[in-house]
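Remarks on the structure that follows.
Please read all numbers here as calculations on a predicted model, not as lab measurements. These numbers come from the heavy atoms of this one structure, side chains and all, not from hydrogens, waters or symmetry mates.
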Amino acid sequence: MPAVTVENTLLLPRVTEPDAVTAAQRPVRRVTAAPQGFEGEGFPVYRAFAGVPMRELDPFIHMDQMGEVEYAPGEPKGTAWHPHRGFETVTYMIDGRMEHQDSHGGGGTITDGATQWMTAGSGILHIEAPPEELVVSGGLFHGVQLWVNLPRANKWNAPRYQSIDGPEAALLSSPDGGALVRVIAGDVAGHAGPGSTFTPITLVHATVSPGARLVLPWRPDFNALAYVLSGRGTAGAERRPLDAHQLAVFGGGDTLTLEATDHPDSRTPALDVLILGGRPIREPVAHFGPFVMNTKAEVMQAVEDFERGRFGLEPAGPMPHTVPGEELS
């Protein structure tokens with residue numbers, strides 16, 4: 001799992017461990033397991049938020065772990081052209097490459113450790129697919145797509161696109177160097193990530209070495225979630241067991257704790273975990289397919305606007321290796 005790594009974490013800025021006496025530890029409210037499914041033209045995903053009440057996810061709507069899968073030649077798959085309205089999609093590529101193109105001119109290649117941040121706002125069409133050479137050769141594919149809700153006041157903003165290269169993330173270390181912390185968006189201990197968001201959130205990818213512990217300060221007005229990409233460990237001061245493809249939902253407090261087991265599995269020695277949280281929007285949510293609005297009437301309007309071509313046009317000369325389909329994701 002390359003993402004962005006360093007040879008010596010001890011050379012990085014340290015995340016000072018919060019005072020155990022004055023800082024309130026966030027308890028683990030629940031641990032859930034992500035079921036498997038398929039997305040787009042048939043690539044495998046884990047549905048990270050399945051079974052978690054929306055009020056505990058707010059401001060997040062949906063998250064898929066894409067892969068991890070080793071494709072044979074001719075097997076890599078992506079999505080067909082499809083619409084979005086009312087939220088932001090965040091695609092974080094850990095291994096492999098994905099190309100993005102949208103109806104507002106955004107696009108590019110997302111590769112090891114890079115992030116694509118697309119604000120759908122009032123409406124956009126886009127496509128995500130592996131590059132043609134990767135379709136021919138096959139290879140490893142692993143990433144995450146997160147949906148971040150927009151407040152009512154921003155749902156009709158003009159679409160925009162951010163491309164965040166892996167090295168742009170703020171790289172931090174736990175005090176003993178046992179954990180590498182990549183801050184993609186938000187702020188951790190005064191270190192800000194490059195992602196610019198309408199909804200205040202923090203998004204972190206941490207790699208915790210076997211037996212090491214990571215204690216992060218966390219904004220008390222944010223919720224807190226930790227999803228295990230690979231490896232195994234524990235969550236919270238109570239050390240709730242946490243395995244690959246499981247999500248820990250934390251309660252209130254100032255800090256959260258994750259620890260990697262001393263006895264990792266043979267395939268993934270470290271605990272790789274995505275840690276995320278945001279300030280809840282606390283507005284009604286009407287969610288249907290690729291539309292996330294406040295009311296059912298707004299969703300029906302989105303469907304009508306899409307059918308009438310009001311989300312823009314597919315650029316001329318679409319990616320030649322994609323297969324037409326009707327999947328809306």
Side-chain angles (χ1 to χ4, degrees), residues 1-18 20 23 25-29 31-34 46 48 63 65 67-68 92-95 112-113 115 142-144 146 166 169-189 191 193 202-218 222 224-250 253-277:
M1 183 176 295
V4 176
T5 61
V6 296
E7 291 186 5
N8 187 354
T9 56
L10 292 173
L11 299 179
L12 298 173
R14 312 291 176 85
V15 178
T16 303
E17 191 164 310
Q25 271 282 348
R26 287 178 175 255
V28 177
R29 181 175 290 162
V31 173
T32 58
Y46 288 90
M63 189 168 78
Q65 180 183 4
E68 181 179 359
Y92 174 50
M93 287 301 300
I94 300 168
D95 285 295
D112 299 343
T115 303
H142 188 201
V144 172
L146 171 70
L171 300 181
L172 311 173
S173 166
S174 57
D176 62 359
L180 170 62
V181 178
R182 309 166 186 85
V183 185
I184 299 168
D187 182 281
V188 173
H191 300 274
T202 297
L203 178 61
V204 168
H205 174 192
T207 301
V208 187
S209 300
R213 185 181 69 160
L214 174 63
V215 182
L216 286 181
W218 208 253
F222 279 19
L225 312 165
Y227 177 76
V228 178
L229 299 165
S230 63
R232 60 170 59 106
T234 64
E238 64 269 46
R239 305 186 71 187
R240 285 278 295 275
L242 201 57
D243 213 330
H245 317 305
Q246 289 187 328
L247 177 78
V249 180
F250 291 88
D254 305 306
T255 67
L256 60 86
T257 297
L258 295 162
E259 188 172 347
T261 180
D262 283 319
H263 307 288
D265 61 55
S266 59
R267 191 179 69 85
T268 52
L271 173 68
D272 263 279
V273 59
L274 204 67
I275 309 165
L276 61 159

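- In this structure, Ala212 and Gly178 approach most closely via the heavy-atom pair CB-O, 3.6 Å.
- Between Ala270 and Ser209, the shortest heavy-atom contact is CB-CA, 4.5 Å.
- Residues Tyr227 and Gln246 are not in side-chain contact: their nearest non-hydrogen atoms beyond the backbone lie 4.5 Å or more apart.
- For the pair Val4 and Gly113, the tightest heavy-atom approach, listed with the atom from each and the gap, is CG2-CA, 4.3 Å.
- Looking at Thr207, its side chain never comes within 3.5 Å of a backbone N or O of Leu180 through a donor-acceptor pair.
- Taken to the nearest 0.5 Å, the CG atom of Leu216 stands 11.0 Å off from the CZ atom of Arg26.
- The two residues Leu12 and Leu172 have their closest heavy-atom pair at CD1-O, 3.7 Å.
- Nearest heavy-atom pair across Ala244 and Val228 is CA-CG1, 3.6 Å.
- Taking the side chain as every heavy atom from C-beta outward, Asp243 and Val31 never approach each other to under 4.5 Å.
- Rounding to the nearest 0.5 Å gives a distance of 4.5 Å between CG of Leu276 and CG of Leu225.
- Here Leu256 contributes atom CG and Ile275 contributes atom CD1; the two are 6.0 Å apart, rounded to the nearest 0.5 Å.
- By the 4.5 Å heavy-atom criterion applied to side chains, Val215 and Gln25 are counted as neighbours.
- Here the side chains of Val6 and Leu11 are not in contact, with every heavy-atom distance at 4.5 Å or above.
- For the residue pair Thr257 and Arg239, no side-chain donor N or O sits within less than 3.5 Å of a side-chain acceptor on the partner.
- Heavy atoms only, all atoms of each residue included: Pro175 and Glu17 are closest at CG-N, 4.1 Å.
- Considering OG1 of Thr115 and CD1 of Ile94, their distance stands at 9.5 Å, rounded to 0.5 Å.
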Criterion side-chain contact (heavy atoms from CB on, under 4.5 Å) on His142 and Asp112, from CA distance to verdict:
CA-CA 9 Å; His142 188 201; Asp112 299 343; over 6 Å; no
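- By the 4.5 Å heavy-atom criterion applied to side chains, Val15 and Ser174 are not counted as neighbours.
- A distance-only check finds no donor-acceptor pair linking the side chain of Arg240 to the backbone of Ala235 [under 3.5 Å].
- Residues Leu229 and His205 form a side-chain contact, since some pair of their non-hydrogen atoms from C-beta on lies under 4.5 Å apart.
- Side-chain contact between Val273 and Leu214 is absent, with no heavy-atom pair separated by less than 4.5 Å.
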Determine whether Val249 and Thr32 satisfy the following criterion, side-chain contact (heavy atoms from CB on, under 4.5 Å), listing intermediate values before the conclusion.
CA-CA 8 Å; Val249 180; Thr32 58; 5.5 Å; no
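- A 4.5 Å side-chain heavy-atom check between Trp218 and Phe250 finds every atom pair outside the cut-off.
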Using side-chain contact (heavy atoms from CB on, under 4.5 Å), reason through Leu274 and Met63 one step at a time and then give a plain yes or no.
CA-CA 11 Å; Leu274 204 67; Met63 189 168 78; 3.8 Å; yes
Test Leu258 against Leu242 for side-chain contact (heavy atoms from CB on, under 4.5 Å), laying out the working first.
CA-CA 9 Å; Leu258 295 162; Leu242 201 57; 4.2 Å; yes
